[in-house]
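Computed from a predicted structure; not experimentally measured.
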Amino acid sequence: MSSVEEFRAEIRGWLRANLTGAFAGLRGRGGPGREHEAFAERLAWERHMATAGWTCVGWPAEYGGRGATLEQQVAFHEEYALADAPARVGHIGEQLLGPTLIAFGTPEQRARFLPRIVAVDELWCQGYSEPDAGSDLANIRTLAEWDGAPGSAAGEPGSGTDGSGRGEPGSGAGQWVVTGQKIWTSLAHESDWCFVLARTEAGSARHRGLSYLLVPLDQPGVEIRPITQLTGTSEFNEVFFDGARTDAAHLVGALGDGWKVAMATLGFERGVSTLGQQVGFRRELEALIDLARRNGAADDPLIRDRIAQAWIGLETIRFNALRMLDAVAAGAPGPEASIGKIFWATWHRQLGELAMDVLGAGGMLADAPYDLDDWQRLFLFSRADTLYAGSNEIQRNIIAERVLGLPREARPAASGN
C-alpha cells in the first residue's frame, strides 16, 4: 500500500485526468439541497469511478475496496472535495450499509450486496425516521410480520435462504411482510433498496423487538412520495409499506438486534467523509468572503467580525473531526461525533444567515418563483442541518446524559417500558 502522500497524488491525478470531457460540467453539481442536479450524469460518473477502483476505497480488498488506511481515506475525501468533483449518488450504500454488512452481515449477504454497491449497480436509502419517530428513533411503529413458507425446513424467522436470489417476493423459506411509513427518506425515489428498522416483535416498545431488514423497493406494496422542500426541490421522500415483502435472508444481525445494528450504521455515517464535507464548507466560506469584498459588505465591521467568527468555527470543526477520527482509530469513539454534529450543523445554518446579510435586500429576490441562486438555496436548506441526522436537542441530551452523566431528562411513561 502506497504512502498517504502517494495515495493523495494518485487520486488527485486521476481526478484531474477524468473530470474532463463529458464529465467536466459536473464539477460542483449535486449535494444537500441540490441532489436533483444532473443525477443521471453523476450516476454515470460514479460508475466510471468504480471501473477505476475509486469507490469504497476504505473497504477491505476482499470486499472490493482498496483497504485504504484511515489517513488515506481522509486524503481521498479531501482531494475529491478540493477537485470540486460532483456529489456522490451511492454514498448511502458505500458509507452506511456496506460497512454495516461487513460488520454484521452473513457471508451470503456480503456476496449478494457488496459487489453491487462497489459497482454502483444498486442504490440504497435509509428507512429509519417515521412521522412519530424522528429524533426519538426508538418510537418506530413500522411492523414486520413473519410469513413462514409451509413445509420449509426451518420455517422460522432468521432461518434464511442461501442469499443467492434477488430478494423478490416468493423466494426462500419465508418472508417478512412490512407495513408502516418512513419519512425524510433521502433519495428513496432514486433507490433500488432500503434498509429498514422495523418492529418484528408485536407489542414490544422502545429499543426492544426491533430488527434490521433489507427491503427491495420495486415491488407491489411500496409507494414513494417525494416531499417538496423550501428550496422547491424534492430529495426527501415519504415511503409507505403496505404488505411489502422481503426474504428471510435479508435480516441483518440477529432477530431483535436491530437497535444495535442501526446504531452502528449511524456511527459509520460520521466517519472520514466529514473532512471532505468541511472542504466544501471552506469553499462556501471563501466564496462568501469574495462576494463581501466585491459588493462592499466587507466594509461593515459587524460583517467582518462574523466572517472572522465563521473562519474560527470552521477550524474548530476540523480539529474536532480529527479528534473523532483518532478516537475511532483507537477503537474507543467518544462524544466527538455528537459534539461535531451540533457544531457543524449550527455553523452551516449561521453561514446561510450570514450569506443573506452579505447579499442585503437583493437576497430576498429571485428571478422567478424558486429560481434560487446558490446563496438562497444554502440559506433555506441549511435550516434542516440542525434537524436531520439527530437534531441539536437530541445531540445535547446524548452529551449530557451519556457523556457528562447528568440526570436523565423527564420523559412520558410508556406502556411496556
Side-chain angles (χ1 to χ4, degrees), residues 4-5 7-58 68 71-92 94-95 120 186-187 190 231 233 235 271-294 307 310-311 313-315 317-318 321 344 347-348 351-352 354-355 358-359 372-382 385:
V4 174
E5 288 310 310
F7 190 84
R8 184 182 292 275
E10 183 182 0
I11 179 57
R12 182 188 301 151
W14 188 88
L15 289 167
R16 185 185 303 117
N18 286 270
L19 270 174
T20 58
F23 297 129
L26 295 180
R27 291 180 183 271
R29 306 297 296 275
R34 299 166 58 192
E35 291 289 5
H36 62 288
E37 294 180 346
F39 191 90
E41 293 82 357
R42 288 160 50 212
L43 177 58
W45 159 254
E46 199 152 330
R47 287 173 174 167
H48 179 67
M49 291 178 60
T51 62
W54 286 115
T55 57
C56 307
V57 295
E71 292 82 2
Q72 289 169 331
Q73 293 176 59
V74 169
F76 171 83
H77 287 288
E78 287 186 335
E79 291 300 325
Y80 193 87
L82 287 167
D84 205 16
R88 304 286 297 277
V89 301
H91 62 282
I92 294 177
E94 176 175 330
Q95 297 175 23
V120 206
S186 299
L187 296 179
E190 301 285 1
T231 54
T233 57
E235 64 193 63
V272 294
S273 61
T274 58
L275 290 177
Q277 175 195 53
Q278 290 153 39
V279 174
F281 287 170
R282 188 173 302 278
R283 187 181 297 112
E284 289 177 338
L285 177 58
E286 290 172 350
L288 186 58
I289 293 171
D290 181 64
L291 173 64
R293 286 170 174 163
R294 286 188 284 107
I307 289 174
W311 185 90
L314 189 57
E315 290 298 301
I317 293 170
R318 176 176 173 77
W344 77 251
W347 181 92
H348 202 220
L351 185 71
L354 176 57
V358 169
L359 285 171
L372 306 176
D373 64 24
D374 289 343
W375 299 118
Q376 292 166 329
R377 184 170 285 108
L378 167 64
F379 169 72
L380 291 173
F381 195 85
S382 63
D385 286 348

Spacing of CG belonging to Leu372 relative to CZ belonging to Arg34, to within rounding of 0.5 Å: 11.5 Å

Sorted by chain and number, sequence neighbours left out, ring-ring contact (aromatic ring centres under 6.0 Å, His included) with Trp347 holds for Phe281

Rounded to the nearest 0.5 Å, what's the gap from CG on Asp373 to CG on Leu378? Could you check? 9.5 Å

Between CZ of Phe76 and CD1 of Ile11, what distance do you get to the nearest 0.5 Å? 5.0 Å

So, do Leu351 and Leu285 sit near enough that their side-chain heavy atoms are less than 4.5 Å apart? yes

Just verifying a value: how many Å separate Leu15 CG and Arg27 CZ, rounded to the nearest 0.5 Å? 8.0 Å

Is there a donor-acceptor pair closer than 3.5 Å between any side-chain N or O of Glu46 and the backbone N or O of Arg88? no

Quick test of your reading of the model: are Glu78 and Arg282 salt-bridged, counting only N-O distances below 4.0 Å? no

Can you confirm whether or not the ring centre of Trp54 sits under 6.0 Å from the ring centre of Phe7? yes

Which heavy atom of Ser186 sits nearest to which heavy atom of Ile92, and what is that distance? O-CD1, 4.0 Å

Side-chain touch Leu291/Trp375, heavy atoms, less than 4.5 angstrom: yes

Please answer whether the main-chain N or O of Leu26 pairs with a side-chain N or O of Arg42 as donor and acceptor at a distance below 3.5 Å. no

With the side chain counted from C-beta on, respond yes when Thr55 and Arg47 share a heavy-atom pair under 4.5 Å apart, and no when they do not. no

Could you report the tightest heavy-atom contact between Gly352 and Ser382, atom names first, then the distance? CA-OG, 4.3 Å

For the student: nearest non-hydrogen atoms of Ala87 and Gly31, plus distance: CB-N, 3.1 Å

Do the side chains of Phe381 and Thr233 get nearer than 4.5 Å, heavy atoms only? no

Looking only at heavy atoms, which two atoms of Gly280 and Ala81 are closest? And how far apart? N-CB, 4.5 Å

Run His91 and Leu187 through side chain to side chain contact (heavy atoms under 4.5 Å, CB included) and show every step you take. CA-CA 11 Å; His91 62 282; Leu187 296 179; 4.3 Å; yes

Sidechain-backbone polar pair: Tyr80 side chain, Pro86 backbone, donor-acceptor under 3.5 Å: yes

Salt bridge (charged side-chain N to carboxylate O under 4.0 Å, His left out) partners for Asp84, two or more places apart: Arg283

Do Asn18 and His48 come close enough that some side-chain heavy atom pair is under 4.5 Å? yes

Rounded to the nearest 0.5 Å, what separates atom CD in Glu235 from atom CZ in Phe39? 10.5 Å

Residues that Phe379 engages under side chain to side chain contact (heavy atoms under 4.5 Å, CB included), provided they are two or more places apart: Glu353, Met356, Arg383

Rounded to the nearest 0.5 Å, how far apart are CZ of Arg293 and CD1 of Ile307? 8.0 Å

Within the 4.5 Å heavy-atom criterion, are Glu71 and Val74 side-chain neighbours or not? no

